[in-house]
Amino acid sequence: MRIRGARYYQYALQLKRPLILRGKTVAKREGYLIAIESADGAIGYGEVAPLPGFSLENMESALASARHVVSALTKSEYTLDAEPYGARPWDRSFASVRFGVEAALLHLHAQAEGKTLGQLLNPRCREAVSLNALLLGAREDVLEQVARRLDDGYRTFKLKIGQSRVDDDLATVHAVREAIGESATLRLDANQAWVYEDAVRFARGLGDCRIQYVEEPLRDAAYLARLHDETGIAYAVDETLTQVGWWRILQWLREGLLCKAPESDAPNRLCATIRSAAAWVIKPTLAGLPPIGLFRDLVDGAVSTQMVLSAAFESGFGLGLVANVAACLNADDVAAGLDTYSWLAEDVLMETLPIEDAVLDLVETNAMMGRFRQQALVEAVNE
């Protein structure tokens, strides 16, 4: 496939309430829609939306990187998986750019084959994706959120912890468990907040408060497997995937090091950490998409670990992209972390995403993915 060029459209979407992201207050979610055009006139869309406080790149550097990548793409024939990972023009760019460019290219290939993005990645992809509810804030606010989300049909909840004292976090977790009932699923996310001793104290204070996993409890991820062995607490990796990188994960998988083998077989603690995780929480905007070879291995079940696709407060269009990826992975439907959509007061899409009883309908979503609110977009002209 030949690439002719691309256009870039900036958006700034008002949030319903400000977000505090690692000390940064965010009142609007900013990003770019990238429209890559093939030589035959087809257009594939992606989204580049670095997240303040989490992404290494800002808006300006992301746009410059995206332009550089597209320029490189116009100079040669592009094939979906002909080049090895690391040799493709976008592989060395920022994570949000990798996601946006690759999603747009996948969209082009899907159009050429008369498929959706999800069908291109996995012909057996699901037509709907369950969602977890995202709980943020002080305990009183969180419990109010729980009541609303239960009424909305949510049965999986993800609670952000790690910003308060350990004892306060434990009290909130127990209160949420009581509020959602024993049959609902509870996930926790500490965003690497704790030193080892605090994580141990938290794990032992959970008692009979059943959780599915706690996401990234330790500042030093190399000791997560040890934490699990010592306390029995299940954990998920998120930032660790970004730290290690998809290329090294692919190498470990091909070498048979990510199967459930004895600890001594791991080449290092990070390999053991990823292998022993209860789930991989994949945020494409922050980690990029797994390379196509690794993705196909994951689709085929090469790793028994649960894959949880999660958002980084992208627009409704970006969420639709992530949802298509989520529909391709796991043998069963696993609740995806896409409830960030509820924070948007406006969107780039003309229509509201079809979410009912905590389920996103992908058939309807894919039908609306090319219908944008032009007033929400401003073209970023060439310098």
Side-chain angles (χ1 to χ4, degrees), residues 10-34 45-59 61-63 65-66 90 93-104 117 129 131-136 158-160 162 187 189-193 215-216 236-243 245-246 279-290 307-326 329 335-349 353 355 360 365:
Q10 185 173 353
Y11 66 76
L13 305 176
Q14 189 70 44
L15 299 175
K16 292 179 181 176
R17 54 194 184 280
L19 274 171
I20 307 298
L21 299 173
R22 291 187 173 171
K24 297 179 182 290
T25 300
V26 178
K28 292 184 177 181
R29 186 64 172 105
E30 295 183 281
Y32 298 97
L33 293 185
I34 176 172
Y45 291 99
E47 180 166 339
V48 177
L51 184 65
F54 287 82
S55 296
L56 295 175
E57 66 276 24
N58 58 23
M59 289 283 287
S61 58
L63 179 59
S65 178
W90 61 92
S93 58
F94 297 116
S96 65
V97 176
R98 296 200 307 270
F99 174 47
V101 169
E102 190 156 18
L117 188 149
V129 176
L131 311 182
N132 70 213
L134 177 62
L135 307 176
L136 292 168
K158 176 176 174 176
L159 172 65
K160 289 282 190 176
R187 301 167 173 171
D189 184 4
N191 285 123
Q192 297 184 321
E215 190 178 323
E216 296 285 3
V237 289
D238 174 2
E239 289 92 342
T240 301
L241 296 175
T242 304
Q243 176 185 352
W246 291 121
W280 294 3
V281 179
I282 302 174
K283 292 187 175 78
T285 286
L286 301 182
L289 286 173
M307 304 292 149
V308 180
L309 270 292
S310 190
F313 293 90
E314 299 90 349
S315 75
F317 177 79
L319 287 174
L321 295 175
V322 178
N324 269 274
V325 178
L329 296 173
L338 306 183
D339 191 38
T340 55
Y341 186 65
S342 66
W343 287 69
L344 296 180
E346 54 184 342
D347 196 7
V348 299
L349 295 176
L353 289 182
I355 300 172
L360 174 66
T365 296

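For clarity, every value in this text was computed on a predicted model and none was experimentally measured.
What you find for L134 and F313 is that their closest heavy atoms are CD2-CZ, 4.1 Å. Here the closest non-hydrogen pair linking S315 and D347 is CB-OD1, 3.6 Å. The nearest pair of heavy atoms linking L360 to A323 is CD2-CB, 3.5 Å. Across all their heavy atoms, V308 and A279 have their closest contact at CG2-CB, 4.1 Å.
Remark: L15 CG to K28 NZ distance equals 10.0 Å, nearest 0.5 Å.
E239 meets the salt bridge (charged side-chain N to carboxylate O under 4.0 Å, His left out) test with R22; sequence neighbours excluded. Among residues two or more places apart in sequence or in another chain, the side chain to side chain contact (heavy atoms under 4.5 Å, CB included) test is passed with T242 by A287. Considering only residues two or more places apart in sequence or on other chains, D189 meets the salt bridge (charged side-chain N to carboxylate O under 4.0 Å, His left out) condition with K158, K160. For S93, the side-chain hydrogen bond (donor to acceptor under 3.5 Å, both in side chains) test picks out no residue, with sequence neighbours left out. Remark: R187 pairs with N132, Q212, Y213 by the side-chain hydrogen bond (donor to acceptor under 3.5 Å, both in side chains) rule, at least two apart or across chains. The side chain to side chain contact (heavy atoms under 4.5 Å, CB included) check on A103 picks up F99, L321, with sequence neighbours excluded. For Y11, there are no ring-ring contact (aromatic ring centres under 6.0 Å, His included) partners at least two apart in sequence or on another chain. Residues satisfying the side chain to side chain contact (heavy atoms under 4.5 Å, CB included) criterion with K24, sequence neighbours excluded, are P52. Residues forming a side-chain hydrogen bond (donor to acceptor under 3.5 Å, both in side chains) with S310 (at least two apart in sequence, or on another chain): none. Residues meeting the ring-ring contact (aromatic ring centres under 6.0 Å, His included) test with Y32, sequence neighbours left out: none. With sequence neighbours excluded, the residues forming a side-chain hydrogen bond (donor to acceptor under 3.5 Å, both in side chains) with E57 are S96, listed by chain and number. For A336, the side chain to side chain contact (heavy atoms under 4.5 Å, CB included) criterion is met by V129, A326, L338, not counting sequence neighbours.
Looking at L353 and T365, their side chains come closer than 4.5 Å, going by heavy atoms from C-beta outward. Within the 4.5 Å cutoff, side-chain heavy atoms of L241 are placed close to those of I282. With contacts defined as side-chain heavy-atom distances shorter than 4.5 Å, the pair I34/Y45 does not qualify. Under the 4.5 Å side-chain criterion, counting only non-hydrogen atoms from C-beta, L309 is in contact with P284. The closest side-chain heavy-atom distance from L344 to K16 is not below 4.5 Å.
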- V48 vs L63, side-chain contact (heavy atoms from CB on, under 4.5 Å): CA-CA, chis, key distance, verdict: CA-CA 8 Å; V48 177; L63 179 59; over 6 Å; no
- Message: Could you walk me through whether N191 and F54 satisfy the side-chain contact (heavy atoms from CB on, under 4.5 Å) test, starting with their C-alpha distance in whole Å, then the side-chain angles of each, then the deciding distance to 0.1 Å, before giving a yes or no?
- Response: CA-CA 10 Å; N191 285 123; F54 287 82; 4.1 Å; yes
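For E216 and T240, the side-chain atoms include at least one donor-acceptor pair closer than 3.5 Å.
Cation-pi geometry between R17 and W343 is met: under 6.0 angstrom from the ring centre, within 45 degrees of the axis.
With hydrogens and angles disregarded, no donor-acceptor distance shorter than 3.5 Å links the side chain of E30 to the backbone of Q10. Side chain of W90 to backbone of E102: no donor-acceptor contact under 3.5 angstrom is found.
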